[in-house]
Amino acid sequence: MSDQQAFETLAIHAGQEPDPLTGAVVPPIYQVSTYKQDGVGGLRGGYEYSRSANPTRTALEENLAALEGGARGLAFASGLAAEDCLLRTLLAPGDHVVIPNDAYGGTFRLFAKVVGRWGVEWSVADTSDPASVKAALRPTTKVVWVETPSNPLLGITDIALVAGIAHEAGAKLVVDNTFASPYLQQPLSLGADVVVHSTTKYMGGHSDVVGGALVTADAALAEELAYHQNAMGAVAGPFDSWLTLRGIKTLAVRMDRHSANAERVAEVLVSHPKVTQVYFPGLPEHPLHEVAAKQMRAFGGMVSFRVQGGEEAAVEVCNRAQLFTLGESLGGVESLIEHPGRMTHASVAGSALEVPADLVRLSVGIESADDLIADITQALG
């Protein structure tokens with residue numbers, strides 16, 4: 001499969017040649033733990049044990065690499081499992097990481113409560129501000145971690161600019177590309193060393209599978225990551241891999257609708273009298289709108305906003321929503337609403353990453369935009 005083909009073609013075909021035995025156009029679910037060897041060490045296709053490799057997972061990993069323009073993709077049991085593997089591959093006690101001041105609460109928890117316990121240090125920077133990133137660097141910095149768009153304030157980081165800063169300091173740039181998906185943004189082409197995904201979100205797209213991924217263009221680093229993936233064992237199962245592949249086939253058309261719907265919702269929120277601030281990189285007034293327009297195909301399906309009346313008013317908006325389902329996660333075909341301070345970002349309370357108490361986050365689905373607007377309007381009262 002040529003990597004010169006269009007994204008939409010790669011999403012459907014990369015890593016997914018028809019089954020040689022039956023001609024099935026969808027890769028089979030190889031629900032198997034071990035494989036018959038043709039003599040000791042005589043492996044068929046390199047398969048010996050499904051923690052190390054499984055044909056269904058291989059199909060997903062080849063697909064992920066093609067979509068991100070990487071040398072290799074690796075699929076994990078969750079996004080945090082992917083992050084954990086990456087950090088334990090790249091870091092050792094005494095090393096330092098720069099993390100963003102706006103990031104997924106689970107990522108912060110991994111740094112603050114887990115990785116920090118074995119001697120890895122971290123500091124916080126506003127990654128949308130190059131001066132802030134430079135100020136946070138230390139001689140021991142090995143990784144600069146970026147989310148763009150960020151969670152939940154939809155901040156934008158200039159990937160190419162920060163990649164240059166990180167590399168000049170001898171550090172690797174890691175970009176969490178979950179909010180954008182590879183359809184909207186390809187960080188490796190902009191200088192990132194590793195891309196992270198929670199494939200639970202837009203890649204799977206149907207709120208029915210949990211998974212994670214790492215993709216890199218560095219073949220040597222890919223081998224190190226694959227070694228740790230096998231050694232640590234938090235791999236994607238065959239059925240989860242199959243579900244994720246199924247979701248990816250429609251990623252392009254879904255992201256087009258997510259983005260279009262989110263733009264309409266954001267425009268309505270901007271003019272609503274009970275909304276005090278809207279966070280959406282597609283708005284011209286977003287401080288880094290031009291950077292987002294430069295490095296993204298469209299602006300994605302996530303919108304956050306603040307409401308008059310403080311925390312309780314924000315909670316009430318979440319409770320009154322009907323078509324927007326109150327729930328954590330994002331990126332599914334159905335629209336979700338949540339209160340980050342009490343839900344997805346409760347773990348950052350009291351830290352430099354604490355989110356505003358009056359903040360509401362929307363994952364705008366692919367329903368009728370008119371129906372979504374009607375629902376959020378009535379929820380605001």
Side-chain angles (χ1 to χ4, degrees), residues 100-105 108 124-129 132 146-158 178-180 258-293 296 298-321 323-324 326-328 330-331 335-365 369 372-381:
N101 64 351
D102 182 32
Y104 168 52
F108 173 77
V124 175
D126 176 359
T127 59
S128 69
D129 177 6
S132 179
V146 163
E147 286 184 18
T148 183
S150 65
N151 183 4
L153 297 177
L154 284 303
I156 297 295
T157 295
D158 188 322
T178 297
F179 268 27
H258 283 298
S259 298
N261 280 359
E263 186 169 346
R264 286 195 58 194
V265 168
E267 289 171 351
V268 168
L269 290 171
V270 165
S271 61
H272 197 285
K274 292 189 178 179
V275 174
T276 60
Q277 189 169 1
V278 180
Y279 302 90
F280 180 64
L283 294 171
E285 56 265 38
H286 188 287
L288 288 172
H289 170 73
E290 294 302 323
V291 173
M296 299 178 72
F299 302 104
M302 300 301 297
V303 179
S304 293
F305 62 96
R306 300 175 71 174
V307 298
Q308 287 183 354
E311 181 173 3
E312 293 306 318
V315 170
E316 280 306 305
V317 171
C318 295
N319 289 334
R320 284 195 297 264
L323 186 56
F324 280 88
L326 179 62
E328 299 191 4
L330 57 104
S335 294
L336 300 178
I337 188 170
E338 66 121 359
H339 184 266
R342 294 191 183 183
M343 296 170 68
T344 54
H345 289 71
S347 63
V348 303
S351 78
L353 282 75
E354 184 169 9
V355 299
D358 58 357
L359 187 73
V360 175
R361 191 190 75 179
L362 304 178
S363 174
V364 181
L372 294 174
I373 290 168
D375 186 46
I376 200 64
T377 301
Q378 70 80 25
L380 282 163

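Values reported hereafter were calculated over all heavy atoms of this structure, with side chains retained and with hydrogens, waters and symmetry mates removed.
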For A357 and A314 the tightest heavy-atom approach is O-CB, 4.1 Å
Write down the atom of V278, the atom of L283, and the distance for their closest heavy-atom approach. CG1-CD1, 3.8 Å
Any chance you could measure H345, atom NE2, to E354, atom CD, to the nearest 0.5 Å? 11.5 Å
When you compare the side chain of L326 with that of M343, does any pair of heavy atoms fall below 4.5 Å? yes
Would you compute the distance between atom CG of L269 and atom OG of S304 and round it to the nearest 0.5 angstrom? 10.0 Å
Ring centroid separation F299 to H289 under 6.0 Å: yes
When rounded to the nearest 0.5 Å, the distance separating CD1 of I337 from CG of L330 is 13.5 Å
Search all heavy atoms of E147 against all heavy atoms of Y104 and return the closest pair with its distance. OE2-N, 2.7 Å
Flag, side chain of H339 to backbone of V317, donor-acceptor distance under 3.5 Å: no
At their closest point, which heavy atom of P273 faces which heavy atom of Q308, and how far apart are they? O-NE2, 3.1 Å
Hey, what do you get for CG (L336) to CG (L362), rounding to the nearest 0.5 Å? 9.5 Å
Taking the side chain as every heavy atom from C-beta outward, state whether D102 and Y279 have any pair of such atoms under 4.5 Å apart. no
In this structure, CD of E312 is separated from CG of D358 (nearest 0.5 Å) by 11.5 Å
Spacing of CZ belonging to F280 relative to CD belonging to E263, to within rounding of 0.5 Å: 5.5 Å
Audit row: D158, L288, side chain to side chain contact (heavy atoms under 4.5 Å, CB included) steps and yes/no: CA-CA 9 Å; D158 188 322; L288 288 172; over 6 Å; no
Taking all heavy atoms of L372 and all of F324, pick out the closest pair and write down the distance. O-CE1, 3.5 Å
Do the non-hydrogen side-chain atoms of K274 and V307 ever get within less than 4.5 Å of each other? no
So which atom in G105 and which in S347 form the shortest heavy-atom distance, rounded to 0.1 Å? O-OG, 3.0 Å
Would the distance check show the side chain of H286 and the main-chain N or O of A292 forming a donor-acceptor pair, the cut-off being under 3.5 Å? no
